[in-house]
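Comments concern the structure below.
Worth saying up front: this structure is predicted, and the values here are computed from it rather than measured. Protein chains get the first letters and strands the later ones, always in sequence-line order, with residue 1 at the start of each.
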Amino acid sequence: MADIEIEIDGNSINAKAGEMLITVTDREGISVPRFCYHKKLSIAANCRMCLVDVEGAPKPQPACSTPIADGMKIHTQNEKAKASQKAVMEFLLINHPLDCPICDQGGECELQDVAMDYGSDVSRFTEGKRIVADSDIGALIQTDMTRCIHCTRCVRFGAEVAGIMEMGGTGRGEDMKIEPFLTEGIQSELSGNMIDVCPVGALTSKPFRYELRSWQMNAVSNVARHDLVGSNIITQTYKGKVKRIVAKDNESINETWISDRDRFSYEGLSHENRLLSPQIKVEGTWKEVEWNVALDFAIRGLANNVINTHQSDKLGALASNTATLEEFHLLQKILREIGSENIDHRLNVKNLDHAISLESNIKLLGLEGIDHALVIGSNLRLEQPMISHRLRKANLSGASIDVINAMAFDFNYRLNSENIISPNQTAATLAGVLKSVLGNAHIEVPDYLVDIEVSDIAMQLADKLSQSNNSVIVLGEHIVNNPQASSIANLVSEIAQHTDSTTLNVSATANSMAANMAGFVPGKDGLDVNAMLAADLKAYILLDVYPQYDFHHSVQAVEALSSDDTFVISLNSFKDDAVAQYSDVLLPIASFYETSGSHVNVEGEVQSFAAAVNAPSDTKPAWKVLKVLADLLELPGFHYADSAQVTSEIMHQSHKQHAHNESIDVKVKRGINVIWQKSPYAVDVLSRHATSLQATNIGQINSASMNKATAKKLEVALGDEYLGVPVAINEAVANNCVFVNANHSTGVQS
Amino acid sequence: MISNKAKKQIDAWVVKYPEGHQSSAVMEALKIVQAENDNRLTSDTIQAVADYLAMPGIAAAEVATFYENYNHKPVGKHTIRFCHNISCMLNGSDELITHLENKLGVKTGEVTPDGLINVKKVECLGACVGAPMFQIGDQYYENLTADKIDEIVDGLK
């Protein structure tokens, strides 16, 4: 578009022809009031607040929907513009209640702000105001619809961004209401953003209701650690407590949205289940002690069990995927200084001989520009909401998306094809895709593919990838425990190479990229987690591990860790019965937002953050605990004054690559496969303690889904439990497959 | 929820719109479904129409609540659509509506106990020349008087 010159308030400004006037005024810092306009949503032009005077136009024009043209002369402040804006303001206030003193939006309300500038101090209306009944739309969003000014931002957010139109404008004229259709509660995993876009107090945060005024809180920039995106957030704190979380703009990471999981998980921080004081186990009973006593006890345990007896290879370290980059680094450094390579964070992987190794080589922003995607083994929308959002944007601008899953999931965009394939056949199907891709490129087929029969599905998937210029293959979490996981990853890598596709590995979530970066994986001669549990180790250091959720082999894990002669030091942020059973020392650590550290997202972006609040009570940030442990063990090289020094040490070290299985097995396996997933709001300990999140529709997901034939084979029926999870009969599940989404610990995973 | 006959009628409308825009047929679809469900819509029927046209339920509900022609409460076999706009009002529609209400023993918006008749006040139906007037079904009745109303209503079965 050509550059043109326009005049705003007497100043000439260069802009592109066809841009909307409000885009130009926003860019130039010229203030134009608005309610319905939002830079990320379609233009509705229904609030009329942004009326400005355009020379030559008989009536004032809305800046949000007036495309500019060369030589246009615009007045945003003259009498005509001001008069129109004031008139609209008066109109909007006719029915708006004067309940600002009890409104949660007070102090951060766009209507309040604009009314200060454009409103009159006295209303000319004496008529009664209209009252609108509220709808209960779930545990996260509080509605006060009498305050609604019908800007329809929430409606457009649902239809355009969340991809599920849940709110709508019903009725007409004075009877118009913004409401959901059926009152079963909001389904979207991004619903909290409606609170952010609402310019008034109609939609506010339910957990935050009547808590505080925005000006009473401190705002600290932070990074959410629940998924592979590392969405930028602002933690709002008051007297040492996180009171609310809102999105922070970062176009290349999370644009201006965050998932509900990132927004509402903070509630868990003040859960009564927090571990708040150091404890040691003396003759089988727990005793609360001072930190120095607990640390001393821990050191003596390590000394007695491994160091003094010269069996440092009998020490193991395990961490959950939510730890920070610095915590991963310090813990692996302690182990390696002591002389052990038994280090692992991949607790949920059934068989690490077949662990997935696949690089991600596309940026989040790049996902918007793709023209084709093949998603394998993921319920992306609930597992990686912001990545799913980017794919949705690509899809809306024309990209086709194929899916290979073991079960049909709700995608909030139109799929080119959804292929429900049993986990036993995933590798064989991808082998067919590869064979077909090689055929398309006239490349000789390697031996292992010779006997593969290319199915129609495989051929279509291959053709799409071959024909696309900018395709991506996404490998998801459901593949982790596929018996051919490493083969699938290797096949994906081959397919990507021969189709010039990029790959996105979302098979391990949270801060697992940081664990890899810090080398938190077994070194040469080191044991992986499953080998450790089988090897009768004499001591462990566990970082925020909750066995019944985190381990694949949870029963074996609790058994191995409970062994009498195994000394277990547990650093935990929450109490847990199984942890108490097997541990000898419990060190209370800071949770999310209470510690400084770094998150590494799927594109390898290291985002550091400061602590938003101090660690509560007697808890300490884990990086400090680990540093002091190292000092007490008299290990060299732990002189850090703050976590940033740890970060910079990591940046300067070479990243260790762990060996990976390069063989490819493409045979169709037999037997029934269980895909065991924690439900989307049970992925980490903080979300599990966030009461409101748990009360949502997504938080309630708890089922072992299988089709009738599989249920018959397993001899279970609706009403039964399978592996401790209620059975759901669903024909959308592939044959010979059970898809488990569990939101509670069961202690059974096979 | 939607009969095969109704589906056929809706399909005839769907094909009139471009591929992928089948939701444009929502107004006719709601009308067709309303006609075969006691002349009213419920959340269930609205959702059924939305599902059939692959659109969000709320989007169909927006349309269904916007237009006067869709009923959301039970209606009688005959709906008397009484104009109370300016011309009719000046010619005494208010008094006639009261007369009608008294005769039927129910208020506007209610249905007679036998389920036969309900009265709805509507805006101008474009027959000012014969004001006051009302509409029953497709038929206009003009230059109404109390006697004429009695005669018409008594004739409804």
Side-chain angles (χ1 to χ4, degrees), chain A residues 42 44 46 132-133 135 137-138 141 143 145 148 150-188 190-191 194 203 392 395-398 400 410-416 418 697, chain B residues 1-2 14 17-27 29-31 33-34 37 40-75 81 83-86 107-109 120-125:
Chain A
S42 66
N46 59 4
V132 180
S135 6
I137 60 171
I141 304 175
T143 62
M145 299 320 285
C148 177
H150 306 147
C151 72
T152 69
R153 278 189 191 172
C154 59
V155 178
R156 283 174 285 146
F157 173 82
E160 294 162 17
V161 180
I164 315 170
M165 186 178 174
E166 297 189 270
M167 304 291 275
T170 62
R172 69 195 284 185
E174 205 199 19
D175 297 324
M176 181 178 168
K177 283 191 282 188
I178 299 292
E179 58 179 0
F181 177 42
L182 301 168
T183 48
E184 56 198 20
I186 291 289
Q187 310 282 330
S188 170
L190 301 174
S191 68
M194 287 198 256
L203 305 176
R392 178 178 145 78
N395 178 259
L396 291 180
S397 44
S400 55
D410 276 339
F411 281 82
N412 54 359
Y413 38 79
R414 201 182 295 263
L415 298 176
N416 181 51
E418 183 173 30
N697 292 315
Chain B
M1 189 74 59
I2 306 178
V14 168
Y17 299 100
E19 181 87 31
H21 292 269
Q22 68 271 40
S23 59
S24 301
V26 66
M27 287 185 65
L30 287 168
K31 216 160 114 182
V33 171
Q34 172 170 278
N37 284 286
R40 67 180 278 233
L41 293 169
T42 60
S43 315
D44 290 343
T45 46
I46 294 172
Q47 185 66 53
V49 168
D51 291 345
Y52 191 68
L53 297 175
M55 64 195 288
I58 180 70
E62 284 183 333
V63 174
T65 54
F66 186 87
Y67 294 102
E68 278 291 315
N69 298 25
Y70 303 113
N71 302 311
H72 298 275
K73 287 189 185 147
V75 291
R81 294 156 55 79
C83 174
H84 70 143
N85 216 292
I86 189 104
K107 296 271 173 207
T108 343
K120 193 172 183 177
K121 284 188 199 169
V122 299
E123 305 303 337
C124 186
L125 290 171

| NZ on B/Lys121 to CZ on B/Arg81, rounded to 0.5 Å | 15.0 Å
| Worked check of side-chain contact (heavy atoms from CB on, under 4.5 Å) between A/Arg392 and A/Phe411 | CA-CA 9 Å; A/Arg392 178 178 145 78; A/Phe411 281 82; over 6 Å; no
| Listed by residue number, which members of residues 163-171 of chain A have a heavy atom under 4.5 Å from any heavy atom of chain B? | A/Met165, A/Glu166, A/Met167, A/Gly168, A/Gly169, A/Thr170, A/Gly171
| Does one side chain, of A/Glu179 or A/Ser135, offer a donor that lies under 3.5 Å from an acceptor on the other? | no
| To the nearest 0.5 Å, what is the distance between CG (A/Leu203) and CD1 (A/Ile137)? | 5.5 Å
| said: Do B/Met1 and B/Tyr52 have side chains that approach each other closer than 4.5 Å (heavy atoms only, starting at C-beta)? | reply: no
| request: Applying side chain to side chain contact (heavy atoms under 4.5 Å, CB included) between B/Leu41 and each of B/Ile46, B/Val49, B/Asn71, report the one that passes. | output: B/Ile46
| request: Against chain A, work out which of B/Ala60, B/Ala64, B/Ser43 has the most heavy-atom pairs shorter than 4.5 Å and name it. | output: B/Ser43
